[in-house]
*Asks:* 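Shown below is the structure under consideration.
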Amino acid sequence: LVAPKNPAAVVAAIADQSIEIITLTITEKGYSLAADGCSLDLQDSIIKHDLKNCEHPSSAVGLIALGLRARMQSGGTPLTIYEQRLYPFF
């Protein structure tokens, strides 16, 4: 699944109780990190959008949060989320 092409399918997959492992491939920019490199950038326009429109997120963080909320509401079976960081090659 590719989130920008079909975000609803991504949220549904996260919520699906039969799914046990989800892998993510996100570019550095997709993490929406603040300048400290550790926390979420609450000034990022996409994050601001997601906080105001939590039912229709645009960011990876927002899609994951929406999917996890749906999963919890439908029984909340355990889930492993594995992310693979993409680093530029030097």
Side-chain angles (χ1 to χ4, degrees):
L1 299 174
V2 178
K5 293 182 180 180
N6 195 348
V10 171
V11 170
I14 295 170
D16 184 340
Q17 300 297 314
S18 69
I19 302 293
E20 297 178 354
I21 299 173
I22 293 175
T23 61
L24 309 169
T25 303
I26 302 173
T27 62
E28 184 178 343
K29 186 176 180 181
Y31 286 98
S32 301
L33 294 178
D36 65 8
C38 297
S39 60
L40 191 61
D41 183 359
L42 298 176
Q43 301 308 311
D44 182 279
S45 61
I46 296 173
I47 299 303
K48 285 182 177 183
H49 168 271
D50 286 1
L51 291 171
K52 290 181 181 176
N53 305 284
C54 61
E55 294 299 320
H56 303 284
S58 297
S59 71
V61 172
L63 289 169
I64 293 166
L66 185 60
L68 289 174
R69 183 179 73 183
R71 188 180 186 93
M72 180 187 68
Q73 291 172 340
S74 64
T77 58
L79 175 70
T80 298
I81 299 176
Y82 172 79
E83 59 89 19
Q84 177 182 345
R85 294 188 182 197
L86 295 179
Y87 293 102
F89 293 98
F90 296 98

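All values below come from the heavy atoms of this structure, side chains included, with hydrogens, waters and symmetry mates left out.
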*Asks:* Not counting sequence neighbours, list each pair that qualifies as a salt bridge (Lys or Arg N to Asp or Glu O under 4.0 Å) and has a residue in residues 30-48.
*Replies:*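 Sorted pair list comes back empty.
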
*Asks:* State the CD1-CG distance between I21 and L79, to the nearest 0.5 angstrom.
*Replies:*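 The CD1 atom of I21 sits 9.0 Å away from the CG atom of L79.
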
*Asks:* For the CD atom of E83 and the CD1 atom of I26, what is their distance to the nearest 0.5 Å?
*Replies:* 6.5 Å

*Asks:* To the nearest 0.5 Å, tell me how far I47 CD1 sits from S59 OG.
*Replies:*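 Going from CD1 on I47 over to OG on S59, the span is 4.0 Å.
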
*Asks:* Do you know the tightest heavy-atom contact between S58 and D50?
*Replies:* N-OD1, 2.6 Å

*Asks:* Please determine whether the number of non-hydrogen atoms from other residues, nucleotides or ligands lying under 6.0 Å from atom CD of E20 exceeds 12.
*Replies:*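 Not buried by this count: 12 neighbours or fewer within 6.0 Å.
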
*Asks:* Shortest non-hydrogen contact from P7 to P4?
*Replies:*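 Looking at all heavy atoms of both residues, the shortest contact is CD-O, 4.2 Å.
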
*Asks:* Could you work out, with side chain to side chain contact (heavy atoms under 4.5 Å, CB included) as the rule, every residue matching S74, not counting sequence neighbours?
*Replies:* Q17

*Asks:* Could you tell me if the side chain of V10 sits less than 4.5 Å from the side chain of I22, heavy atoms only?
*Replies:* no

*Asks:* Output a table of donor-acceptor pairs, distance under 3.5 Å, between side-chain atoms of residues 61-71 and any protein atom two or more places apart or on a different chain; print 'none' if there are none.
*Replies:*
unit_1	atom_1	unit_2	atom_2	d
R69	NH1	E55	OE2	3.2
R69	NH2	E55	OE1	3.2
R69	NH2	E55	OE2	2.3
R71	NE	T77	O	3.0
R71	NH1	I14	O	2.8
R71	NH1	D16	O	2.7
R71	NH1	I19	O	3.4
R71	NH2	I19	O	2.7
R71	NH2	T77	OG1	3.0
R71	NH2	P78	O	3.1

*Asks:* Answer with yes or no whether the hydrophobic clustering places I81 together with V11; edges join I, L, V, M, F, W, Y residues whose side-chain heavy atoms lie under 4.5 Å apart.
*Replies:*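 Hydrophobic grouping puts I81 apart from V11.
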
